[in-house]
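These figures come from a predicted structure and were not determined experimentally. So you know, we letter chains A, B, ... as the sequences are listed, proteins then strands, and number each from 1.
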There are 4 protein chains.
Amino acid sequence: MSKPPFKFSARTRVGFSDTDAQGIVYYGRYNPYFDLARVEYLRSLGLLHRSTGGEFVMRANDVEYFAPARFDDELEIHARVSRIGNTSVTFEFAAHKMPDDMLLVTAHQTLVYIDVNERCAIHVPDDYRERVLGFEGDDAQR
Amino acid sequence: MSKPPFKFSARTRVGFSDTDAQGIVYYGRYNPYFDLARVEYLRSLGLLHRSTGGEFVMRANDVEYFAPARFDDELEIHARVSRIGNTSVTFEFAAHKMPDDMLLVTAHQTLVYIDVNERCAIHVPDDYRERVLGFEGDDAQR
Amino acid sequence: MSKPPFKFSARTRVGFSDTDAQGIVYYGRYNPYFDLARVEYLRSLGLLHRSTGGEFVMRANDVEYFAPARFDDELEIHARVSRIGNTSVTFEFAAHKMPDDMLLVTAHQTLVYIDVNERCAIHVPDDYRERVLGFEGDDAQR
Amino acid sequence: MSKPPFKFSARTRVGFSDTDAQGIVYYGRYNPYFDLARVEYLRSLGLLHRSTGGEFVMRANDVEYFAPARFDDELEIHARVSRIGNTSVTFEFAAHKMPDDMLLVTAHQTLVYIDVNERCAIHVPDDYRERVLGFEGDDAQR
């Protein structure tokens with residue numbers, strides 16, 4: 001289902017290993033769901049597998065939990081780039097439970113593009129920026 | 001090492017299963033370290049194993065990453081309650097790498113106390129509040 | 001691809017959180033892939049969500065590793081029931097990397113059907129046995 | 001507690017993230033406990049951090065489950081090398097719940113020593129073999 005300003009989503013199911021003794025998905029196990037959505041988002045823009053020297057590392061990750069997911073729930077993870085800076089990119093996520101489309105969890109993740117050897121921030125490659133902004137349009141801050 | 005206003009810390013080591021293909025701790029794998037510190041904090045106050053009907057569930061978790069940890073690094077996780085409301089508690093964490101005491105990661109986690117059957121917020125038990133405030137003193141907002 | 005005596009398979013992709021600092025999938029992170037294949041196998045037979053009082057718990061899990069998987073590899077996980085006893089079921093798995101179909105990992109898992117309260121083995125329900133044997137035919141030992 | 005032929009053990013506690021919706025430790029989450037015991041075993045013999053070109057990769061891992069562990073249980077993980085071959089080492093593990101010392105899980109893990117670039121088996125270094133055999137004596141097969 002479309003959820004503006006989100007233009008992309010990926011689906012997954014809650015595996016048994018994602019649950020905890022409260023009978024719900026462990027709060028830290030949403031991160032792989034966000035990874036999945038981010039990976040598929042990048043794949044769809046041709047940006048997943050690159051060899052440009054740098055790599056993205058996590059700088060900040062804030063997650064809000066509104067309702068729990070349980071084993072075998074089907075989840076739709078909406079993903080978008082909400083901001084693209086000189087050396088960093090911020091993704092926004094919203095996970096809904098299918099088929100009733102209930103909002104479960106939202107998140108923002110800011111990743112910094114670094115030189116792996118020096119571990120210092122470097123410029124996000126131009127083509128990365130262009131393809132993301134071409135897809136997100138005015139919905140992404142720059 | 002003391003890190004005011006933190007009055008409590010727990011130590012752990014980075015297991016191999018905590019690392020990822022970037023050679024560092026996967027960003028989502030700090031959550032179990034925070035859990036460890038929270039659990040030991042509560043144990044130290046006699047608040048870990050209780051049977052008062054309610055349980056705490058995660059409402060918000062924001063994490064900031066300053067430097068990476070690697071396999072077998074020894075970590076000291078500082079923990080404190082920074083705020084205790086009517087139905088929720090906010091923990092603050094700071095993970096340092098030993099022995100050089102380098103700051104790696106900070107986090108805030110807000111947990112809501114709920115009635116498990118109704119899944120609605122209920123009052124944090126009085127003795128929980130009192131013991132936490134007795135330990136944290138004026139450093140905890142209420 | 002068909003791999004007799006396997007009659008069922010499920011596909012997944014290696015998430016970044018499945019990798020470790022050796023740059024490959026952490027050996028313990030194949031278990032969720034086996035879970036996925038077992039869950040989809042049971043779903044396909046109408047046996048996934050049942051409320052018959054008992055539940056299956058892991059009794060033995062042996063895994064052999066032939067070649068490593070890496071981030072974003074697409075895996076096909078073949079699954080079958082190789083034996084169904086009075087109180088237990090043994091699944092066999094074989095994970096291949098796509099598209100070249102290279103064998104990565106094989107496993108056997110024996111699950112015991114137990115009464116959750118007593119934690120003692122009880123009979124596998126008749127309809128479960130019948131549907132599995134109806135699907136596997138003479139390829140499953142009984 | 002001593003459990004011949006085991007001569008070494010390490011302790012840990014069940015974290016909340018190790019549990020699943022059955023209320024017990026997820027069967028795949030014993031692997032990090034075995035890693036912990038293996039790492040501390042090697043550390044005690046001065047074999048943990050080495051730079052000899054090769055590294056150990058998992059070849060086989062079989063686990064048997066006798067009783068479940070729950071959140072916050074204290075576990076003692078016994079570890080030993082039961083066999084050391086030309087290019088591989090087999091570890092044996094037994095996890096007990098403290099303080100009643102109940103056997104929960106046993107495992108065997110065979111790791112192959114490989115050249116990382118070629119991904120082919122190479123000889124286990126002589127000093128590794130000697131220190132392990134010096135510690136295990138006749139209890140280790142060779």
**Q** Where does B:R29 contact chain C at under 4.5 Å (heavy atoms): side chain, backbone, both or neither?
**A** side chain

**Q** With a 4.5 angstrom heavy-atom cut-off, could you sort out which part of C:F16 is near chain B: side chain, backbone, both or neither?
**A** both

**Q** Could you report the tightest heavy-atom contact between C:G23 and B:A21, atom names first, then the distance?
**A** CA-CB, 4.0 Å

**Q** Which residue out of B:D20, B:V25, B:I24 racks up the most heavy-atom pairs below 4.5 Å with chain C?
**A** B:D20

